[in-house]
There are 2 protein chains.
Amino acid sequence: MSPDNENKTTRDRLLKVAETLFAQRGYHAVSVREITTAANCNLAAVNYHFGNKKNLYLDVFRLRWMVRARRVHDSFTQHLAKHDGASPTEIIQALAEAFIKGPLADDERFYHAQLMMREMAKPTEAFEMVADEILRPFFRNLAKLLQPYLPEEIDEQRVNLNMLSIISMVIYFNFARVPVSLFTGCTYDEAFKERLIQHIVNFALTGLNVREKEKSL
Amino acid sequence: MSPDNENKTTRDRLLKVAETLFAQRGYHAVSVREITTAANCNLAAVNYHFGNKKNLYLDVFRLRWMVRARRVHDSFTQHLAKHDGASPTEIIQALAEAFIKGPLADDERFYHAQLMMREMAKPTEAFEMVADEILRPFFRNLAKLLQPYLPEEIDEQRVNLNMLSIISMVIYFNFARVPVSLFTGCTYDEAFKERLIQHIVNFALTGLNVREKEKSL
DNA sequence: GTCTATAGCAGGATAGAC
DNA sequence: GTCTATCCTGCTATAGAC
(Lines give C-alpha, C1' and ligand atoms only; values in the text may rest on other atoms or scores of the structure.)
Protein backbone atom coordinates (compact mmCIF):
# COMPACT_ATOMS: atom_id res chain seq x y z
CA MET A 1 0.00 0.00 0.00
CA SER A 2 1.63 3.24 -0.97
CA PRO A 3 -0.86 6.01 -1.62
CA ASP A 4 -0.16 9.70 -1.58
CA ASN A 5 0.84 10.04 2.05
CA GLU A 6 3.11 12.97 2.37
CA ASN A 7 5.61 11.51 4.77
CA LYS A 8 6.93 8.36 3.22
CA THR A 9 10.61 7.63 3.06
CA THR A 10 12.93 9.90 1.14
CA ARG A 11 13.21 7.19 -1.44
CA ASP A 12 9.47 7.12 -2.08
CA ARG A 13 9.17 10.87 -2.19
CA LEU A 14 11.96 10.95 -4.75
CA LEU A 15 10.23 8.41 -6.94
CA LYS A 16 6.98 10.25 -6.79
CA VAL A 17 8.41 13.69 -7.47
CA ALA A 18 10.68 12.37 -10.20
CA GLU A 19 7.79 10.74 -12.00
CA THR A 20 5.79 13.93 -12.05
CA LEU A 21 8.64 16.05 -13.27
CA PHE A 22 9.90 13.59 -15.87
CA ALA A 23 6.37 13.26 -17.20
CA GLN A 24 5.79 16.98 -17.39
CA ARG A 25 9.05 18.00 -18.96
CA GLY A 26 11.08 14.96 -19.96
CA TYR A 27 14.29 13.44 -18.69
CA HIS A 28 16.76 16.07 -19.82
CA ALA A 29 14.69 19.09 -18.89
CA VAL A 30 14.65 18.06 -15.24
CA SER A 31 17.72 18.31 -13.04
CA VAL A 32 18.53 16.18 -10.04
CA ARG A 33 18.72 19.37 -8.04
CA GLU A 34 15.15 20.20 -8.93
CA ILE A 35 13.96 16.74 -8.03
CA THR A 36 15.66 16.69 -4.66
CA THR A 37 14.46 20.17 -3.82
CA ALA A 38 10.88 19.28 -4.68
CA ALA A 39 11.20 16.05 -2.70
CA ASN A 40 12.49 18.07 0.22
CA CYS A 41 15.72 16.19 0.60
CA ASN A 42 19.37 16.52 -0.11
CA LEU A 43 21.05 16.59 -3.48
CA ALA A 44 23.08 13.50 -2.69
CA ALA A 45 19.98 11.43 -1.94
CA VAL A 46 19.41 10.47 -5.56
CA ASN A 47 22.84 8.98 -5.86
CA TYR A 48 22.57 7.28 -2.52
CA HIS A 49 19.21 5.65 -3.24
CA PHE A 50 19.35 5.08 -6.98
CA GLY A 51 22.99 5.29 -7.95
CA ASN A 52 22.44 7.91 -10.62
CA LYS A 53 19.83 9.94 -12.43
CA LYS A 54 19.24 7.45 -15.20
CA ASN A 55 18.56 4.68 -12.78
CA LEU A 56 16.08 6.84 -10.94
CA TYR A 57 14.28 7.25 -14.23
CA LEU A 58 14.19 3.51 -14.80
CA ASP A 59 12.97 2.89 -11.27
CA VAL A 60 10.17 5.35 -11.85
CA PHE A 61 8.95 2.95 -14.52
CA ARG A 62 9.68 -0.20 -12.56
CA LEU A 63 8.26 0.91 -9.24
CA ARG A 64 5.54 3.35 -10.23
CA TRP A 65 4.52 3.18 -13.87
CA MET A 66 4.29 -0.57 -14.14
CA VAL A 67 2.55 -0.93 -10.80
CA ARG A 68 -0.02 1.59 -11.89
CA ALA A 69 -0.47 0.00 -15.29
CA ARG A 70 -1.29 -3.26 -13.53
CA ARG A 71 -3.88 -1.47 -11.47
CA VAL A 72 -5.48 -0.12 -14.61
CA HIS A 73 -5.42 -3.53 -16.21
CA ASP A 74 -6.91 -5.16 -13.14
CA SER A 75 -9.66 -2.59 -13.06
CA PHE A 76 -10.38 -3.42 -16.66
CA THR A 77 -10.54 -7.19 -16.18
CA GLN A 78 -12.51 -6.97 -12.94
CA HIS A 79 -15.03 -4.77 -14.61
CA LEU A 80 -15.38 -7.41 -17.28
CA ALA A 81 -15.50 -10.33 -14.87
CA LYS A 82 -18.87 -9.11 -13.68
CA HIS A 83 -20.30 -9.58 -17.15
CA ASP A 84 -19.24 -13.05 -18.12
CA GLY A 85 -18.95 -13.28 -21.89
CA ALA A 86 -18.89 -9.52 -22.20
CA SER A 87 -20.20 -7.92 -25.35
CA PRO A 88 -17.98 -5.71 -27.55
CA THR A 89 -19.74 -2.69 -26.12
CA GLU A 90 -18.90 -3.77 -22.60
CA ILE A 91 -15.33 -4.58 -23.53
CA ILE A 92 -14.68 -1.23 -25.13
CA GLN A 93 -16.54 0.63 -22.44
CA ALA A 94 -14.51 -1.14 -19.77
CA LEU A 95 -11.35 -0.24 -21.66
CA ALA A 96 -12.24 3.40 -22.12
CA GLU A 97 -13.32 3.72 -18.51
CA ALA A 98 -10.19 2.07 -17.18
CA PHE A 99 -8.10 4.61 -19.03
CA ILE A 100 -10.19 7.78 -19.00
CA LYS A 101 -11.63 7.42 -15.49
CA GLY A 102 -10.27 4.21 -14.03
CA PRO A 103 -8.61 3.76 -10.66
CA LEU A 104 -6.19 6.61 -11.10
CA ALA A 105 -6.32 10.12 -9.77
CA ASP A 106 -6.69 12.75 -12.41
CA ASP A 107 -3.18 14.13 -12.57
CA GLU A 108 -1.73 10.72 -12.01
CA ARG A 109 -3.36 9.46 -15.16
CA PHE A 110 -2.11 12.38 -17.16
CA TYR A 111 1.48 11.88 -16.04
CA HIS A 112 1.15 8.21 -16.69
CA ALA A 113 0.17 8.89 -20.29
CA GLN A 114 2.86 11.52 -20.71
CA LEU A 115 5.61 9.18 -19.62
CA MET A 116 4.45 6.56 -22.07
CA MET A 117 4.19 9.03 -24.93
CA ARG A 118 7.75 10.13 -24.31
CA GLU A 119 8.90 6.54 -24.49
CA MET A 120 6.94 5.98 -27.67
CA ALA A 121 8.61 8.99 -29.24
CA LYS A 122 12.14 8.09 -28.20
CA PRO A 123 12.27 4.67 -26.60
CA THR A 124 14.85 3.98 -23.93
CA GLU A 125 15.51 0.85 -21.89
CA ALA A 126 12.31 1.66 -20.05
CA PHE A 127 10.24 1.02 -23.15
CA GLU A 128 11.57 -2.50 -23.70
CA MET A 129 10.84 -3.32 -20.09
CA VAL A 130 7.32 -1.95 -20.25
CA ALA A 131 6.63 -3.49 -23.65
CA ASP A 132 7.56 -6.95 -22.41
CA GLU A 133 5.82 -6.79 -19.07
CA ILE A 134 2.74 -4.74 -19.81
CA LEU A 135 2.02 -3.64 -23.35
CA ARG A 136 2.33 -6.91 -25.19
CA PRO A 137 0.30 -9.00 -22.72
CA PHE A 138 -2.36 -6.32 -22.53
CA PHE A 139 -2.58 -6.07 -26.29
CA ARG A 140 -2.90 -9.82 -26.77
CA ASN A 141 -5.53 -10.02 -24.10
CA LEU A 142 -7.60 -7.33 -25.75
CA ALA A 143 -7.32 -8.91 -29.16
CA LYS A 144 -8.40 -12.27 -27.74
CA LEU A 145 -11.44 -10.71 -26.10
CA LEU A 146 -12.66 -8.97 -29.21
CA GLN A 147 -11.75 -11.53 -31.84
CA PRO A 148 -14.90 -13.66 -31.42
CA TYR A 149 -17.06 -10.70 -32.32
CA LEU A 150 -15.19 -9.65 -35.42
CA PRO A 151 -16.14 -10.85 -38.90
CA GLU A 152 -14.92 -14.40 -39.39
CA GLU A 153 -12.87 -13.79 -42.48
CA ILE A 154 -10.91 -10.96 -40.88
CA ASP A 155 -7.16 -11.54 -40.83
CA GLU A 156 -4.87 -11.07 -37.88
CA GLN A 157 -3.42 -7.91 -39.34
CA ARG A 158 -6.78 -6.21 -39.42
CA VAL A 159 -7.55 -7.27 -35.88
CA ASN A 160 -4.34 -5.61 -34.83
CA LEU A 161 -5.13 -2.40 -36.65
CA ASN A 162 -8.57 -2.30 -35.08
CA MET A 163 -7.04 -2.71 -31.62
CA LEU A 164 -4.58 0.05 -32.32
CA SER A 165 -7.28 2.39 -33.51
CA ILE A 166 -9.21 1.99 -30.31
CA ILE A 167 -6.06 2.42 -28.30
CA SER A 168 -5.12 5.49 -30.32
CA MET A 169 -8.34 7.19 -29.29
CA VAL A 170 -8.03 6.23 -25.66
CA ILE A 171 -4.44 7.42 -25.49
CA TYR A 172 -5.03 10.54 -27.52
CA PHE A 173 -7.90 11.78 -25.39
CA ASN A 174 -5.85 11.20 -22.29
CA PHE A 175 -2.64 12.61 -23.54
CA ALA A 176 -3.49 15.40 -25.96
CA ARG A 177 -5.55 17.38 -23.50
CA VAL A 178 -4.26 20.68 -24.73
CA PRO A 179 -5.46 20.39 -28.33
CA VAL A 180 -8.60 18.52 -27.28
CA SER A 181 -9.54 21.33 -24.93
CA LEU A 182 -8.57 23.84 -27.56
CA PHE A 183 -10.95 22.42 -30.15
CA THR A 184 -13.82 21.40 -27.93
CA GLY A 185 -13.61 24.25 -25.46
CA CYS A 186 -14.04 21.69 -22.66
CA THR A 187 -11.93 21.10 -19.61
CA TYR A 188 -11.41 17.59 -18.33
CA ASP A 189 -14.09 17.45 -15.67
CA GLU A 190 -16.14 14.37 -14.86
CA ALA A 191 -18.94 15.24 -17.26
CA PHE A 192 -16.55 15.64 -20.15
CA LYS A 193 -14.75 12.42 -19.37
CA GLU A 194 -18.05 10.59 -19.28
CA ARG A 195 -18.82 12.09 -22.63
CA LEU A 196 -15.46 11.01 -24.01
CA ILE A 197 -16.03 7.45 -22.90
CA GLN A 198 -19.42 7.31 -24.53
CA HIS A 199 -17.99 8.81 -27.64
CA ILE A 200 -15.17 6.31 -27.84
CA VAL A 201 -17.53 3.40 -27.36
CA ASN A 202 -19.90 4.76 -29.94
CA PHE A 203 -17.24 5.63 -32.45
CA ALA A 204 -15.35 2.42 -32.06
CA LEU A 205 -18.50 0.39 -32.55
CA THR A 206 -20.14 2.25 -35.35
CA GLY A 207 -17.74 4.77 -36.74
CA LEU A 208 -19.16 7.96 -38.09
CA ASN A 209 -22.34 6.14 -38.99
CA VAL A 210 -22.63 8.19 -42.10
CA ARG A 211 -26.13 8.57 -43.52
CA GLU A 212 -27.37 5.75 -41.38
CA LYS A 213 -29.46 5.56 -38.26
CA GLU A 214 -27.45 6.94 -35.40
CA LYS A 215 -26.56 4.84 -32.40
CA SER A 216 -27.83 6.08 -29.07
CA LEU A 217 -25.60 8.70 -27.50
CA MET B 1 12.45 26.50 -53.68
CA SER B 2 14.12 24.93 -50.67
CA PRO B 3 14.38 21.15 -50.89
CA ASP B 4 17.08 19.03 -49.35
CA ASN B 5 20.02 20.55 -51.19
CA GLU B 6 23.09 19.98 -49.13
CA ASN B 7 24.74 23.33 -49.65
CA LYS B 8 22.29 25.97 -48.64
CA THR B 9 23.30 28.81 -46.39
CA THR B 10 24.52 28.15 -42.88
CA ARG B 11 21.25 29.51 -41.64
CA ASP B 12 19.21 27.01 -43.61
CA ARG B 13 21.40 24.08 -42.64
CA LEU B 14 21.01 25.09 -39.02
CA LEU B 15 17.24 25.19 -39.28
CA LYS B 16 17.12 21.83 -40.93
CA VAL B 17 19.48 20.09 -38.55
CA ALA B 18 17.86 21.70 -35.53
CA GLU B 19 14.44 20.51 -36.57
CA THR B 20 15.59 16.93 -36.90
CA LEU B 21 17.38 16.90 -33.57
CA PHE B 22 14.67 18.72 -31.63
CA ALA B 23 12.11 16.32 -33.03
CA GLN B 24 14.13 13.23 -32.18
CA ARG B 25 15.15 14.16 -28.70
CA GLY B 26 13.44 17.35 -27.55
CA TYR B 27 14.66 20.83 -26.85
CA HIS B 28 16.65 20.21 -23.70
CA ALA B 29 18.29 17.00 -24.82
CA VAL B 30 19.94 18.75 -27.76
CA SER B 31 22.81 21.19 -27.30
CA VAL B 32 23.75 24.04 -29.56
CA ARG B 33 27.14 22.41 -29.94
CA GLU B 34 25.54 19.31 -31.36
CA ILE B 35 23.42 21.30 -33.76
CA THR B 36 26.29 23.40 -35.07
CA THR B 37 28.54 20.36 -35.42
CA ALA B 38 25.89 18.47 -37.36
CA ALA B 39 25.24 21.54 -39.50
CA ASN B 40 28.94 21.74 -40.19
CA CYS B 41 29.36 25.26 -38.92
CA ASN B 42 30.69 27.12 -35.96
CA LEU B 43 29.29 27.18 -32.46
CA ALA B 44 28.67 30.89 -32.59
CA ALA B 45 26.54 30.65 -35.72
CA VAL B 46 23.34 29.96 -33.81
CA ASN B 47 23.66 33.14 -31.82
CA TYR B 48 24.58 35.12 -34.86
CA HIS B 49 21.66 33.93 -36.98
CA PHE B 50 18.97 33.36 -34.39
CA GLY B 51 20.03 35.26 -31.31
CA ASN B 52 19.77 32.30 -29.00
CA LYS B 53 18.80 28.68 -28.78
CA LYS B 54 15.17 29.26 -27.90
CA ASN B 55 14.65 31.50 -30.88
CA LEU B 56 16.16 28.89 -33.15
CA TYR B 57 13.54 26.50 -31.84
CA LEU B 58 10.75 28.97 -32.56
CA ASP B 59 12.10 29.63 -36.03
CA VAL B 60 12.09 25.93 -36.70
CA PHE B 61 8.34 26.09 -36.26
CA ARG B 62 7.90 29.37 -38.10
CA LEU B 63 10.13 28.64 -41.06
CA ARG B 64 9.88 24.87 -41.38
CA TRP B 65 7.00 23.29 -39.49
CA MET B 66 4.33 25.74 -40.53
CA VAL B 67 5.49 25.85 -44.11
CA ARG B 68 5.31 22.10 -44.26
CA ALA B 69 1.93 21.97 -42.58
CA ARG B 70 0.62 24.27 -45.28
CA ARG B 71 1.99 21.94 -47.92
CA VAL B 72 0.15 19.04 -46.31
CA HIS B 73 -3.02 21.04 -46.09
CA ASP B 74 -2.73 22.13 -49.71
CA SER B 75 -2.20 18.56 -50.80
CA PHE B 76 -5.36 17.66 -48.92
CA THR B 77 -7.51 20.38 -50.44
CA GLN B 78 -6.13 19.91 -53.94
CA HIS B 79 -6.87 16.26 -53.75
CA LEU B 80 -10.43 17.14 -52.84
CA ALA B 81 -10.78 19.85 -55.46
CA LYS B 82 -10.69 17.16 -58.12
CA HIS B 83 -13.82 15.58 -56.73
CA ASP B 84 -16.19 18.46 -56.35
CA GLY B 85 -18.60 17.75 -53.52
CA ALA B 86 -16.40 14.99 -52.19
CA SER B 87 -17.96 12.10 -50.34
CA PRO B 88 -17.02 11.31 -46.73
CA THR B 89 -14.92 8.44 -48.00
CA GLU B 90 -13.00 10.76 -50.27
CA ILE B 91 -12.58 13.35 -47.54
CA ILE B 92 -11.18 10.92 -45.02
CA GLN B 93 -9.07 9.18 -47.60
CA ALA B 94 -7.64 12.51 -48.70
CA LEU B 95 -6.93 13.34 -45.08
CA ALA B 96 -5.26 10.05 -44.27
CA GLU B 97 -3.21 10.17 -47.45
CA ALA B 98 -2.10 13.72 -46.88
CA PHE B 99 -0.75 12.71 -43.48
CA ILE B 100 0.40 9.14 -43.94
CA LYS B 101 1.78 9.48 -47.45
CA GLY B 102 1.23 13.05 -48.58
CA PRO B 103 3.81 15.41 -50.03
CA LEU B 104 6.38 14.79 -47.33
CA ALA B 105 9.41 12.58 -47.37
CA ASP B 106 9.24 9.71 -44.96
CA ASP B 107 11.54 10.92 -42.20
CA GLU B 108 10.35 14.44 -42.66
CA ARG B 109 6.83 13.41 -41.82
CA PHE B 110 7.96 11.56 -38.76
CA TYR B 111 9.89 14.53 -37.40
CA HIS B 112 6.99 16.75 -38.20
CA ALA B 113 4.70 14.60 -36.06
CA GLN B 114 7.26 14.32 -33.28
CA LEU B 115 7.63 18.05 -32.97
CA MET B 116 3.90 18.48 -32.71
CA MET B 117 3.55 15.74 -30.12
CA ARG B 118 6.16 17.41 -27.97
CA GLU B 119 4.25 20.64 -28.14
CA MET B 120 1.03 18.87 -27.26
CA ALA B 121 2.66 17.35 -24.22
CA LYS B 122 4.24 20.54 -22.97
CA PRO B 123 3.14 23.51 -25.00
CA THR B 124 5.50 26.42 -25.47
CA GLU B 125 5.09 29.66 -27.39
CA ALA B 126 5.42 27.56 -30.52
CA PHE B 127 2.15 25.83 -29.82
CA GLU B 128 0.11 29.02 -29.59
CA MET B 129 1.59 30.18 -32.85
CA VAL B 130 0.85 26.91 -34.61
CA ALA B 131 -2.60 26.58 -33.08
CA ASP B 132 -3.63 30.00 -34.35
CA GLU B 133 -2.12 29.73 -37.79
CA ILE B 134 -2.61 26.09 -38.65
CA LEU B 135 -4.47 23.83 -36.27
CA ARG B 136 -7.62 25.82 -35.71
CA PRO B 137 -8.23 26.73 -39.36
CA PHE B 138 -7.54 23.17 -40.42
CA PHE B 139 -9.86 21.77 -37.83
CA ARG B 140 -12.70 24.10 -38.76
CA ASN B 141 -12.24 23.33 -42.41
CA LEU B 142 -12.45 19.61 -41.78
CA ALA B 143 -15.54 19.94 -39.64
CA LYS B 144 -17.22 22.06 -42.29
CA LEU B 145 -16.46 19.48 -44.96
CA LEU B 146 -17.89 16.56 -43.04
CA GLN B 147 -20.80 18.24 -41.32
CA PRO B 148 -23.26 17.86 -44.24
CA TYR B 149 -22.86 14.09 -44.13
CA LEU B 150 -23.38 13.65 -40.43
CA PRO B 151 -26.78 12.90 -38.91
CA GLU B 152 -28.82 16.07 -38.79
CA GLU B 153 -29.55 16.07 -35.09
CA ILE B 154 -25.87 15.75 -34.17
CA ASP B 155 -24.61 18.59 -31.98
CA GLU B 156 -21.42 20.54 -32.47
CA GLN B 157 -19.74 18.80 -29.59
CA ARG B 158 -20.14 15.42 -31.20
CA VAL B 159 -18.88 16.68 -34.52
CA ASN B 160 -15.77 17.87 -32.74
CA LEU B 161 -15.22 14.54 -31.03
CA ASN B 162 -15.61 12.73 -34.32
CA MET B 163 -13.02 14.99 -35.92
CA LEU B 164 -10.66 14.40 -33.04
CA SER B 165 -11.07 10.65 -33.25
CA ILE B 166 -10.09 10.62 -36.89
CA ILE B 167 -7.20 12.90 -36.18
CA SER B 168 -6.14 10.74 -33.26
CA MET B 169 -5.77 7.76 -35.57
CA VAL B 170 -3.92 9.67 -38.22
CA ILE B 171 -1.54 11.15 -35.70
CA TYR B 172 -1.09 7.96 -33.74
CA PHE B 173 -0.17 5.86 -36.75
CA ASN B 174 2.32 8.48 -37.82
CA PHE B 175 3.79 9.16 -34.45
CA ALA B 176 3.66 5.95 -32.48
CA ARG B 177 5.60 3.92 -34.97
CA VAL B 178 7.49 2.00 -32.35
CA PRO B 179 4.49 0.42 -30.64
CA VAL B 180 2.62 0.06 -33.92
CA SER B 181 5.51 -1.87 -35.39
CA LEU B 182 5.85 -3.80 -32.18
CA PHE B 183 2.26 -5.05 -32.27
CA THR B 184 1.83 -5.53 -35.99
CA GLY B 185 5.32 -6.72 -36.79
CA CYS B 186 5.29 -4.34 -39.79
CA THR B 187 7.77 -1.70 -40.78
CA TYR B 188 6.56 1.51 -42.37
CA ASP B 189 7.05 0.65 -46.02
CA GLU B 190 4.74 1.77 -48.81
CA ALA B 191 2.55 -1.31 -48.62
CA PHE B 192 1.97 -0.92 -44.92
CA LYS B 193 1.19 2.77 -45.24
CA GLU B 194 -1.34 1.99 -47.95
CA ARG B 195 -2.86 -0.51 -45.62
CA LEU B 196 -2.99 2.00 -42.79
CA ILE B 197 -4.80 4.51 -44.97
CA GLN B 198 -7.37 1.96 -46.02
CA HIS B 199 -7.81 0.91 -42.46
CA ILE B 200 -8.33 4.45 -41.22
CA VAL B 201 -10.88 5.15 -43.92
CA ASN B 202 -12.68 1.94 -43.20
CA PHE B 203 -12.61 2.29 -39.45
CA ALA B 204 -13.60 5.91 -39.45
CA LEU B 205 -16.55 5.24 -41.71
CA THR B 206 -17.88 2.07 -40.26
CA GLY B 207 -16.16 1.47 -36.94
CA LEU B 208 -15.63 -2.10 -35.99
CA ASN B 209 -18.80 -3.01 -37.80
CA VAL B 210 -19.41 -5.67 -35.25
CA ARG B 211 -21.70 -8.49 -36.29
CA GLU B 212 -22.63 -6.67 -39.45
CA LYS B 213 -21.69 -6.99 -43.06
CA GLU B 214 -18.11 -5.93 -43.46
CA LYS B 215 -17.16 -3.05 -45.69
CA SER B 216 -14.77 -3.84 -48.49
CA LEU B 217 -11.14 -3.83 -47.44
C1' DG C 1 29.38 35.96 -42.06
C1' DT C 2 32.49 32.90 -39.79
C1' DC C 3 35.95 31.88 -36.63
C1' DT C 4 38.62 31.21 -31.78
C1' DA C 5 38.70 31.89 -27.14
C1' DT C 6 36.68 32.33 -23.00
C1' DA C 7 33.52 34.02 -19.51
C1' DG C 8 30.07 32.43 -16.49
C1' DC C 9 27.09 29.18 -14.92
C1' DA C 10 24.38 24.84 -14.12
C1' DG C 11 24.58 20.17 -14.27
C1' DG C 12 25.78 15.17 -12.33
C1' DA C 13 28.38 12.95 -9.23
C1' DT C 14 31.41 11.97 -5.07
C1' DA C 15 33.93 12.32 -0.53
C1' DG C 16 33.54 12.45 4.02
C1' DA C 17 31.45 14.46 8.37
C1' DC C 18 27.55 13.57 11.21
C1' DG D 1 20.41 7.65 5.87
C1' DT D 2 21.26 12.47 5.44
C1' DC D 3 24.04 16.42 5.21
C1' DT D 4 27.78 20.01 3.29
C1' DA D 5 31.30 20.99 0.36
C1' DT D 6 33.40 20.44 -3.80
C1' DC D 7 35.06 18.55 -8.30
C1' DC D 8 34.64 18.59 -13.00
C1' DT D 9 32.25 18.39 -17.11
C1' DG D 10 29.45 20.50 -20.51
C1' DC D 11 26.37 24.09 -21.52
C1' DT D 12 24.86 28.92 -23.46
C1' DA D 13 26.32 33.10 -24.77
C1' DT D 14 29.55 36.82 -25.91
C1' DA D 15 33.75 39.43 -27.30
C1' DG D 16 36.64 40.37 -30.72
C1' DA D 17 39.95 38.86 -34.59
C1' DC D 18 39.59 37.84 -39.39
Side-chain angles (χ1 to χ4, degrees), chain A residues 1-2 4-64 115 118-119 122 124-126, chain B residues 1-2 4-64 115 118-119 122 124-126:
Chain A
M1 316 307 166
S2 59
D4 289 35
N5 298 338
E6 218 25 274
N7 267 350
K8 312 275 307 185
T9 63
T10 297
R11 185 187 158 85
D12 286 338
R13 292 200 316 277
L14 279 171
L15 280 169
K16 182 182 165 149
V17 163
E19 174 173 45
T20 310
L21 291 174
F22 285 146
Q24 287 177 311
R25 308 218 298 279
Y27 182 83
H28 293 280
V30 179
S31 68
V32 172
R33 287 174 149 80
E34 189 175 3
I35 294 169
T36 51
T37 303
N40 222 339
C41 69
N42 190 270
L43 173 62
V46 161
N47 301 81
Y48 177 76
H49 287 287
F50 303 96
N52 56 38
K53 182 185 176 184
K54 180 186 163 190
N55 207 45
L56 168 60
Y57 180 77
L58 289 174
D59 273 350
V60 162
F61 276 86
R62 254 190 292 267
L63 273 34
R64 299 209 116 227
L115 281 173
R118 292 188 189 283
E119 283 296 319
K122 182 83 187 162
T124 69
E125 285 174 51
Chain B
M1 307 305 169
S2 60
D4 289 36
N5 298 338
E6 219 24 276
N7 268 348
K8 311 275 307 184
T9 63
T10 298
R11 184 186 159 85
D12 286 338
R13 292 201 315 278
L14 279 171
L15 280 169
K16 182 181 166 151
V17 163
E19 174 171 47
T20 310
L21 291 174
F22 285 146
Q24 287 176 310
R25 306 217 300 278
Y27 183 82
H28 293 281
V30 179
S31 68
V32 173
R33 286 173 149 78
E34 191 175 0
I35 294 169
T36 50
T37 304
N40 222 338
C41 68
N42 189 269
L43 173 61
V46 161
N47 302 78
Y48 176 76
H49 286 287
F50 303 95
N52 55 38
K53 181 186 177 184
K54 181 185 163 192
N55 207 45
L56 168 59
Y57 180 76
L58 289 174
D59 273 351
V60 162
F61 276 85
R62 254 189 292 268
L63 274 34
R64 299 210 115 228
L115 281 174
R118 292 187 189 282
E119 283 296 319
K122 182 85 187 159
T124 69
E125 284 174 53

Take the protein atom CZ of B/Arg11 and the nucleotide atom P of C/dG1, then report the distance between them rounded to whole Å.
-> 10 Å

Which atom of A/Cys41 lies closest to which atom of A/Arg13, heavy atoms considered | CB-NH2, 4.0 Å

With DNA chain C as reference, determine whether B/Ala44 or A/Ala44 sits nearer its 5' end, using the nearest nucleotide of each.
-> B/Ala44

Side chains of A/Thr36 and A/Asn42 in contact at under 4.5 Å (non-hydrogen atoms) = no

Nucleotide C/dT2, atom C1' - distance to CZ of B/Phe50 in whole Å | 14 Å

In whole angstrom, give the distance that lies between atom CG of B/Asn52 and atom P of D/dA15.
-> 14 Å

Nearest atoms (heavy-atom pairs only) where A/Val30 meets A/Ile35 = CG1-CG1, 3.5 Å

For DNA chain D, which residues in residues 28-35 of chain A have a heavy atom at a distance below 4.0 Å?
-> none

Taking every heavy atom of A/Leu15 against every heavy atom of A/Leu56, the minimum-distance pair comes out as CD2-CD1, 4.1 Å

Rounding to a whole Å, what distance do you find between A/Asn47:CG and C/dA13:P?
-> 6 Å

Sorted by chain and number, sequence neighbours left out, side chain to side chain contact (heavy atoms under 4.5 Å, CB included) with B/Leu58 holds for B/Lys54, B/Asn55, B/Arg62, B/Glu125, B/Ala126

Of the nucleotides D/dA13, C/dT2, C/dA13, which one has an atom closest to the side chain of B/His49?
-> C/dT2

How close or far is atom P of D/dC11 from atom OH of B/Tyr27, stated in whole angstroms?
-> 14 Å

May I have the distance from B/Lys53 (atom NZ) to D/dA13 (atom P), rounded to whole angstrom?
-> 8 Å

I'd like a table of donor-acceptor pairs (distance under 3.5 Å, sequence neighbours excluded) in which one partner is a side-chain atom from residues 44-51 of chain A, with atom names and distances.
residue	atom	partner	partner atom	Å
A/Asn47	ND2	A/Gly51	O	3.4

Can you tell me how far P of C/dT6 sits from CG of B/Asn42, to the nearest Å?
-> 15 Å

Stretch residues 55-62 of chain B: residues that reach within less than 4.0 Å of DNA chain C through a heavy atom = none

If you look at every heavy atom in B/Ala38 and B/Val17, which pair is closest and at what distance?
-> CB-CG1, 3.6 Å

Any idea which of C/dT4, C/dT2, D/dC3 is nearest the B/Tyr48 side chain?
-> C/dT2

Any donor and acceptor pair, going by atom type alone, linking the side chain of A/Arg33 with main-chain N or O of A/Leu43 inside 3.5 Å?
-> no

Atom CG of A/Leu43 and atom C1' of C/dG12: how far apart are they, to the nearest Å?
-> 8 Å

Base, sugar-phosphate alone, or nothing: which one does A/Ala45 contact when heavy atoms must sit under 4.0 Å apart?
-> nothing

For residues 19-32 of chain A, the side chain to side chain donor-acceptor pair (under 3.5 Å) pairs (sequence neighbours left out) are A/Glu19-A/Arg64, A/Glu19-A/Arg68, A/Arg25-A/Glu34

Phosphate OP1/OP2 of C/dG1: any B/Thr9 side-chain N/O under 4.0 Å | no

Nearest-neighbour nucleotide for the A/Cys41 side chain, D/dC3, D/dA13, D/dA5 considered = D/dC3

Contact residues, residues 18-26 of chain B to DNA chain D [heavy atom, < 4.0 Å] = none

